[in-house]
Amino acid sequence: MSVLFDNRSGGSMSARRSPLTKSTAFWGLLVLSVLAVAGGLALTLPRISTMDVALTTGTITTGTEVYVGQSWVVFGSAVTGAGIIGILLWLSLAAASTIVGTPAAAVAEPTPNATPTSADSALRGETAAPHGAPEAADPAVQFDDVQAGASQQRR
């Protein structure tokens with residue numbers, strides 16, 4: 001619980017949520033597991049009490065209630081066990097996501113030899129040069145280069 005209320009990073013509690021807790025499957029596992037436990041208990045407990053009463057009183061329907069009731073109790077126990085396993089799996093996933101934490105967003109660093117693409121130019125607000133034309137990094141540098149070339153031609 002201390003991880004959820006840790007304010008050393010200065011962020012809010014929602015900033016520390018892992019992608020797992022936002023997953024529909026994660027919460028679906030919990031809901032279905034709880035429903036399985038409840039449904040299994042609803043199948044098992046009434047049948048056990050009915051068998052107990054039938055065996056204690058010794059009525060004529062004892063055979064039917066006891067033998068059929070045993071099958072329902074076994075089925076209900078299996079459903080309850082599956083629900084308990086699902087809840088334990090949900091708890092272990094929650095604990096693992098807390099331990100592992102949220103992955104940091106990867107920042108792509110440009111390679112030294114990479115040439116800017118038209119998408120990079122569009123993001124910076126530059127217009128793309130026609131295909132095959134060299135792009136000048138700075139218009140002032142280009143103008144200085146032209147003047148320097150013209151002065152060399154005069155000599």
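These numbers come from a predicted model, not from an experiment. All values below were derived from every heavy atom in this structure, side-chain atoms included, with hydrogens, water molecules and symmetry-related copies excluded. Sequential numbering from 1 along the given sequence is applied to the chain's residues.
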Give a yes or no on whether [X] and [Y] share a hydrophobic cluster (residues Ile, Leu, Val, Met, Phe, Trp, Tyr; joining criterion: side-chain heavy atoms under 4.5 Å apart).
| X | Y | value |
| --- | --- | --- |
| Val34 | Leu88 | yes |
| Leu35 | Trp72 | no |
| Val68 | Val53 | no |
| Phe26 | Val31 | no |
| Leu91 | Ile84 | yes |

What is the distance from atom [atom1] of [X] to atom [atom2] of [Y], rounded to the nearest 0.5 Å?
| X | Y | atom1 | atom2 | value |
| --- | --- | --- | --- | --- |
| Leu32 | Ile87 | CG | CD1 | 11.0 Å |
| Gln70 | Arg47 | CD | CZ | 13.0 Å |
| Leu45 | Thr50 | CG | OG1 | 10.5 Å |
| Thr98 | Leu93 | OG1 | CG | 10.5 Å |

(message) Quick one, Val74 and Ser71 - any side-chain contact, counting heavy atoms below 4.5 Å?
(response)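 Of all side-chain heavy-atom pairs linking Ser71 with Val74, none is under 4.5 Å.
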(message) For a 4.5 angstrom cut-off between non-hydrogen side-chain atoms, does Leu41 reach Val37?
(response) yes
At their closest point, which heavy atom of [X] faces which heavy atom of [Y], and how far apart are they?
| X | Y | answer |
| --- | --- | --- |
| Leu89 | Ser92 | O-OG, 2.8 Å |
| Ala54 | Glu65 | CB-OE1, 2.9 Å |
| Trp90 | Trp27 | CZ2-CZ3, 3.6 Å |

